[in-house]
Amino acid sequence: MVAVHPCPGDLLVIDGRASVQFAGDRALTFRVVSVCDRPTYAGWVWLTGYVINRRGQATAKREVYVQLAGLTRANDTGRQRIPGQPQKMPVGSRSTTSSRTVTLAEGGARS
């Protein structure tokens, strides 16, 4: 297995292959915000990011310590917009609905 080298914006599956603490039903889908550059054991890395639920919504910010060789990329065909980055739309298209980005600082409440 080739080790995944995560970058900010990557959507990963973190399960028991990455660390025993994420085995079984404790596995999670994780959107990477940053990759720590502090030294660790060879093949391990600290990642900061958000746990993503089945609906594609961020539910909690976490810092995890995982093995690079155990990381896998999630099926990212329906990639969600990353807060703080502009949303790309095809030229000539217009959105017919309005939406608002909800941050965890707002408590997840929508208006």
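Throughout, numbering of the chain's residues begins at 1 and tracks the sequence. Owing to the predicted nature of the structure, the values given are computational and were not obtained by experimental measurement. What's counted below: heavy atoms across the whole structure, side chains too, no hydrogens, waters or symmetry copies.
Closest of all the heavy-atom pairs between P6 and L68 is CD-CD2, 3.6 Å. Between T48 and F30, the shortest heavy-atom distance links the atoms C-CZ, 3.7 Å. I52 and A58 make their closest contact through CD1-CA, 3.9 Å (heavy atoms, listed as atom of the first residue, atom of the second, distance). Summarising the geometry of P8 relative to S34, their closest heavy-atom pair is CG-CA, 4.3 Å, with the distance given to 0.1 Å. Shown here for V45 and T40, the closest heavy-atom pair between the two residues is N-OG1, 4.2 Å.
Shown here are the side chain to side chain donor-acceptor pair (under 3.5 Å) partners of E63, two or more places apart in sequence or in another chain: R38. With sequence neighbours left out, the salt bridge (Lys or Arg N to Asp or Glu O under 4.0 Å) criterion links R73 to D10. Among residues two or more places apart in sequence or in another chain, the side-chain contact (heavy atoms from CB on, under 4.5 Å) test is passed with V13 by D15, T72, A74.
For R31 (side chain) and G9 (main-chain N/O), a donor-acceptor pair under 3.5 Å exists by modelled atom type.
You'll find the side chain of L71 reaches within 4.5 Å of the side chain of L47, heavy atoms only.
Under a 4.5 Å side-chain heavy-atom cut-off, the cluster of Ile, Leu, Val, Met, Phe, Trp and Tyr residues that includes Y41 is completed by W44, W46, Y65.
L28 contributes atom CG, which lies 9.0 Å from atom CD of Q21 (distance to the nearest 0.5 angstrom).
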